[in-house]
Each structure stands twice: as C-alpha cells, then as structure tokens.
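As structure tokens, the structure follows; a few thoughts come after it.
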Amino acid sequence: MNQEYFDDEEFVGDIDIVAGTYANVDDGEDVEIDDEELIQQAQAGVQSIPEQVRNFLMQFHRNMKNNNLHDLTYGYETQFVRLSEKFFAKGPWPEPQYVAALVKDDGVFLTLYRELYFRHIYSRLHPSLETRFRSFENYCDLFNYILNSDGPIELELPNQWLWDIVDEFIYQFQSFCTHRSRVTKRSEEEIKLLKENSQVWNTYSVLNVLYSLIQKSNISQQLLVQQQGGDVLAAAGEFGSRPLYKMLGYFSIIGLVRVHCMLGDYTLALQTLENIELGNSRALFTRVTACHVTVYYYVGFAYLMMGRYADAIRTFAHILTFVSRTRQYHQRSYQFDTVNKKAEQIPARVDENIHNYLREKYGEQQHKMQRGGEEAIEVVSDLFRFASPKFIAPNPPNYDDLEAAAEAIEPQQFQLKIFLREARLQLVIPTLRSFLKLYTTMGLDRLSTFLEMDAAELRNQLMVYKQRCRQVKWVGGGDLLGGEVVAATDLDFALQEDMIFIAESRIGRKYADWFIRNANKVQDLVNTLESRQKTFIAEAGKPKPAEEEAPAAAVSA
Amino acid sequence: MVSSFVRPSTRPDEIHSLLTGVERYNPQKTTILEDYLARQCANADPLTNHDLMANLSLLKMYQFNPDMVDVDVVRRILAKALISPSTADFNLCLYLLSDEICSDASISKLLTLRDSLERAQFTKFWKEMYGDDDDEESVVDGIAGFENGLRKLIIGNITSTYQTIPAKAVEEMVNLDQDAENGWAVDNGVISLPLKSENKAVATVIKENVKFEQLTKMLSAANDI
C-alpha cells in the first residue's frame, strides 16, 4: 500500500515556506496612521455592515465555537446564500478586518470567514491578482492550522463546507494557472509580481496540501479496513477518527482525481480511486451531491480519454440517471431509453453522452455526428471544448520570453488534438457499418465499388474497424484501471480472402419486464380485493340493517 | 492480453514503492526511472519489457520539471508504447507531453508512424520506419525486440480479421520475405488461420440477464399474499 510513503518531510515544497509574506504585496496603509484614527476607521467599518449581516456573523461565530453543527449547517447552506443574494450580489462581503471586531478576533473563524469572502469574490466578481495571492495565503493558514497542530483541532464543519473548501481550493488553483498563462492580458506590474512570487499557487504546494490531508487522516487505510473488515477506528488513528479530518482526507482523494485529470494524467486519476468503491450507493462521496457528481464526471472523462468508451458511457449514464432522479423528473422510461440509446452509439459520439439527457437541446449536433465526416469532427470538438474539464499547465509560462509564451498552445487545445485524432479513426466505423449491415456475405470488390475506395485501402479500413470495435471494459472490483477486452459492436465480420462474412447480433425478446409488470398488476388486484373484502366484513359487522345491500354491490361491481 | 496497469514481474520493489508514494514527485528520482527505462529497452522479451506505469511517471517528472526533459528518453518511451498490445498506451503517454516536445523531429516522426500503424497501413509503416537512407538513424533504434513486437501486433490484427489470407499478403504486412507462416496450415499459397472469437463472426442473440436480486422485492411481496 502507498500510505507509508506519504511523508510530508520528504515532499518537495512545503506549505510553511510559501505561507510567508509576498514581495510587493502589502497593505501599505497602516504605516503612518495613528491608533486613534485606526479605531475610528474600524468602528466606521463595523457600522457599515448591515445589521442583519452583523447578527448573522455573530451567531455564526457562536455556533462554530459551540460546535453546534446543525445550526452551523443551516447558517452555511441557507443563511449565507440568502444574505449574499440580498446584500452582496454585486460586491464583496464585509472586509475581514472589520468582521474581526464582531467575533473577538477569533483567528480560526476569521480564516474560515476569509475563505467564504474570497470564494464569494471568485464567484461573483473578478478577483485581482492580489486577491488571488491573499486567498492562497489564507488557504495556507487554514491548512497549516489543520495539519500542523499537536493534536486534532476541536472544530466541526458541515460536510458540504469541507467539500467546498477542497473543491474551491482546486478551482482557484486552476483559475490561477489559466490567469498566469494568458500573458498578453497581464500588465507589466502583474508579470513582475507573478515572476517574483512563483511559489504562490505552485503545483507542488497544491498537491502537497492534498496528499498531506490524505496522510493525516489515514483515509486510505480506513477505506481499506472498511472493505476488508477490521478495526476502522484503530486504522483511523487520533486524527482520522475525527469527522473533520476524515472527510477532508476523503475529499482530497477526489480532489486529486480532478487535479490529475486537469494535468492529463488519466491513469493516475483512476489509480487514486483504488480504495473507493464507485458502485457503492452508501459510499462517503454520496453524502455531498456535488462530490458525487464530480467523482463520476472525472472518472467518466478519464475513461473517455483512454478510449474506453463503454466504461465512459456507463459512468456518465450512472450519474445522469442520478442527477435526473434527484431533480425529481421521475421519467424512468425516458432514462432507460437514453441509456439504451447510448449503448447503441458508436464510440466516436460518446462525447455527446455528457449532454444526452438534454437530447432535445443537442439533437442537431447528434444528427451531424451520426452522419460522420468532417462536420462530425467539428461537432465533437465543440462539445469537447464545452464539456471537458479545464486543463492546466503545471508550470508558469516563461515570463522572460513573453512572445513565445503568448504563442504557446493551451493545454486544452493539446488534449483536444490527441482526442480528435482518436475520434477521427472512429469515423470509419459508421460508414462501413451502414454498408455491411445490408448483407450477410459480400465480395470485397463490390464493397470497394460502393465506397469508391481502392481495394487495398479497404482491406486496411476493415482491419481498423476490427481494431476499433474492441476495447477494454471494466469488469467490476475496486481497480478502475483493470478490465478485459470485449467487442463493442453489434456488427461483426470475418474475411476469407476476398469474401466478407457478416454477422449481426440481435437483441432477443425480453420477458422479464413483461413478467414483472404483470406480477405487479396481479399484486395490485389482490390488494384491492383484499381491502374491499375487509371493508365488506367491517361494514357487515355494523348494525346497519338498512344499508346492508350496498357493500355487496360494490364487490360485485 | 496483459494489462498495462498490472505490475510486471520485472518491476523491482524500489520502483514499485516509488510509483505508489509521493516520491514519484521527487525530481531526484528521475535518474532511477531513466535507468529502469534503459533496462526495459535492453530486454527483448515482449511479455516483460514494458512498464507503462513507470514510464508514465517518468513523463510526469518531465511535465513538472521541463528543464529536465530528455527528448531521447521520451522517444524511447513512445516507441515502446507504440508496440504495446494495449492500444491506448501511446495516447496516455502523449497526454503528458507538451506541444513543444511533440514538435521535435524524432517525436513527430513517431506520430506519423503511429498514424500508419493505426490506419493498418503496415507496408507504409515499414517503409517509413527505415527511411530512404540505410545509414539514417531510425526513431525506433535502441529498443530490443522492436521489430518482433511490431510483427506480433500486426499478426494480431490480421488473425482477428481474416480466416484465410494469401501468404504473400501476410509477408508484405510483416515485412518478411518468407517464413511468415508461423506454423499455420498453408494450401496453395493461402493460409488458413486458426479460428478464435475475434475472427469467427457468429451472429448472436443478446439475451437479457435478470439477476435474482432484482426480483427480491417482488418475491417478498408475493410471500405476503
């Protein structure tokens, strides 16, 4: 197992180092202002906070201090959102320095408040470079506090919040990488700042945080023991038995999957999940919907990029079914239909599946893809751009050669290029299939006339078809990378020299559905009869001679 | 087919622990992985001479530390992935590279070779692989058993598609003048290939598979009646 190697000492890059101060970034203001003025300023700042918000913050703080998880969850999930909408739809939440006065300078609370404060800026406004730096610094403070205390910290946060912390941390990292790589949009000062602070949002430090959270919580051992049986509490240890550490560790595993995908390392992404049972409907990831969707999305995407289309379809189909069920569409038959349709689709169109539940919306694109040709490739690449995760380059661009840096091809473009090459190869399938489907035997020369293709090239294409129709498919178990080669087509053929023998698989009649439906019908009938019988007996027992005829009539009707 | 993700018997413990821990991010370990690649390249046994996971982690090292990139190492990793029985290996390596590395002459040559191979244009592949000039260094130099690995791959393709095929066609595709028969029955210059699931082409009827668990709800309800 890999746990014993998670050792922060030996890990390159340490968050302690990067959590220091930054060159060129300081507030500057507090240098020559005397105390009295400062106090006045602070008072004015506090006064500027709407009363409702002040009350919320104080109560929020109290609930956190008292570890009142229930009220804290309500405050986080409901009140904060509501107040953001009401007071801060177009601006930031109150400056953390003014909030300090309300919460008796509680450092931990303020760190968590700043996390919310920055997250709000990221989601509604345009974070400046300085904001990005300060937010990173705040994350370092938070994770240092959690990871480097002597014993486990006495703090409990709702699962949703813990997930959001990990999720947002990675989002801001990704956002920063994209931000810094667009060198043409950065001002000279910004470039200078970026150059001097290369440790900020450094890939190593981000990975270090995630790996450290995983290690501290012993989450991998916990999951392993849970699967194989044994003393989970002993495996969890002092830190890992606390919900805060356990969930942060768990979410960090999912976070790692995301980071690996963003870097194009799909094998490592799937390997990371080795101790998480994806099929388990009671697994921890199901506790937070966003996390549930994230896991499946990245696993599905990794499969897609690996050319394991059947697995990608299965994964996407699972999560789409889940999403539409929780949205209470209750269109079961429609869902089954979608899944079946997906299964029939040839691999090149798999990307479509991400949107398949919006079939009406994407009907046109799907049609184009089925027709094949260059147009299909265009559609696939459009959908890819829309549906793929944001890819990042792990290293900063060369700030000394801005011209070259500006011309550098974006990571997403690079990943897309490789994916499209693969998709292009799949294009041969629909054309060949449509002709082969019409015959049981066929001469090679005849097919080559139909296709207006040279016989030698056609031979090659047939081999490509054969190759492309076989793919690795997951066969169960915890190892998501494993699987066996299966045929992914309903139309198979073999060549005897120049004669093609074609075999088409058909779907047999289905009895189970009919059987189950009718069994349910009988059950309903029996239930109705029984309840009527009961009513009848009950009615009969009552002394109502005048109406005695009525229930009997109901039964016969 | 052996999966590329299973630990090969030739992977030493040292490499294995490197791959499964955070040491895989330590740039100082790059040379260990490079040496291991050299050993893979010297080994001609196709069953044990490819460790994709180790090579991917080496490429990741390069991804994180662009100043350490050794294009010749990248070339050899890609060439090895090219003849790997699992077709996805090459792409998995490619995803970790950058456009800059891919524009290197030897790497882009490998990409062209890969195109021919995937389009089943085998004769073209052999021609391109050697180039016009005999003295010219090939992009697949320094990899023990490359040609045989490649032939095995091509033969796999042929035997999945054909039941019978002219011996001459096979010889051309695997670039051998004779002895390409591989112990197969030859009649009048036509090889009869052994039948396997891939080249049988039997029509099947896909039947539904209802598991007992799916019926438990109904059965328990029936029990109440």
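Chain naming here is simple, since letters A, B, ... match the order of the sequence lines and numbering starts at 1 in each.
- For the atom pair CG of D265(A) and CD of Q63(B), the computed distance is 7.0 Å after rounding to the nearest 0.5 Å.
- Side-chain N or O atoms of T161(B) include none that pairs as donor or acceptor with a backbone N or O of M463(A) at under 3.5 Å.
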Trace of the ring pair (Phe, Tyr, Trp, His ring centres under 6.0 Å) decision for Y95(B) with F419(A): CA-CA 9 Å; Y95(B) 285 131; F419(A) 179 74; 8.3 Å; no
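- Listed in order of number, the residues of residues 110-117 of chain B that approach chain A to under 4.5 Å between heavy atoms are R114(B), D115(B).
- Looking at L263(A) and F64(B), their side chains come closer than 4.5 Å, going by heavy atoms from C-beta outward.
- Among E100(B), Q28(B), R24(B), M173(B), the residue making the largest number of heavy-atom pairs under 4.5 Å with chain A is R24(B).
- Interface remark: I516(A) contributes backbone and side-chain atoms alike to the contact with chain B (heavy atom separation under 4.5 Å).
- At least one side-chain heavy atom of L97(B) sits less than 4.5 Å from a side-chain heavy atom of F414(A).
- Both the backbone and the side chain of E497(A) come within contact range of chain B, with heavy atoms under 4.5 Å apart.
- Contact annotation for L19(B): only backbone heavy atoms (N, CA, C, O) come within less than 4.5 Å of a heavy atom of chain A.
- Using cut-offs of 30° and 60° on the angle between ring planes, the pair Y25(B) and Y204(A) is perpendicular.
- If you tally non-hydrogen atom pairs under 4.5 Å between each of I165(B), T123(B), V190(B) and chain A, the highest count goes to V190(B).
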Worked verdict on F5(B) versus L270(A) for side-chain contact (heavy atoms from CB on, under 4.5 Å): CA-CA 11 Å; F5(B) 310 116; L270(A) 294 184; over 6 Å; no
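- Between R119(B) and E457(A), none of the side-chain N atoms (NZ, or NE/NH1/NH2) sits under 4.0 Å from a carboxylate O, so this pair counts as no salt bridge.
- Using a 4.5 Å cut-off between heavy atoms, Y266(A) contacts chain B through its side chain alone, with no backbone atom that close.
- Side-chain contact between K60(B) and H260(A): present, with at least one pair of heavy atoms (C-beta onward) separated by less than 4.5 Å.
- Using a 4.5 Å cut-off between heavy atoms, M305(A) touches chain B through backbone and side chain atoms alike.
- Under the 4.5 Å side-chain criterion, counting only non-hydrogen atoms from C-beta, Q467(A) is not in contact with E118(B).
- Using a 4.5 Å heavy-atom threshold, the side chains of L92(B) and M306(A) count as touching.
- The contact between L94(B) and chain A is made by backbone and side chain atoms together, counting heavy-atom distances below 4.5 Å.
- What you find for G264(A) and L96(B) is that their closest heavy atoms are O-CD2, 3.8 Å.
- Annotation: maximal heavy-atom pairing with chain A below 4.5 Å, among P166(B), G156(B), S57(B), S98(B), occurs at S98(B).
- Between K466(A) and N157(B), every side-chain heavy-atom pair lies at or beyond the 4.5 Å cut-off.
- Residue S192(B) does not touch chain A at all, counting heavy-atom pairs closer than 4.5 Å.
- By number of non-hydrogen pairs under 4.5 angstrom with chain B, the leading residue of E504(A), R421(A), Q415(A) is R421(A).
- Rounding to the nearest 0.5 Å gives a distance of 4.5 Å between OG1 of T267(A) and CG of L56(B).
- Environment of CD in E410(A): sparse, with no more than 12 heavy atoms of neighbouring residues, nucleotides or ligands closer than 6.0 Å.
- With chain B as partner, the option from K417(A), R459(A), Q461(A), Q413(A) having the largest number of non-hydrogen pairs under 4.5 angstrom is R459(A).
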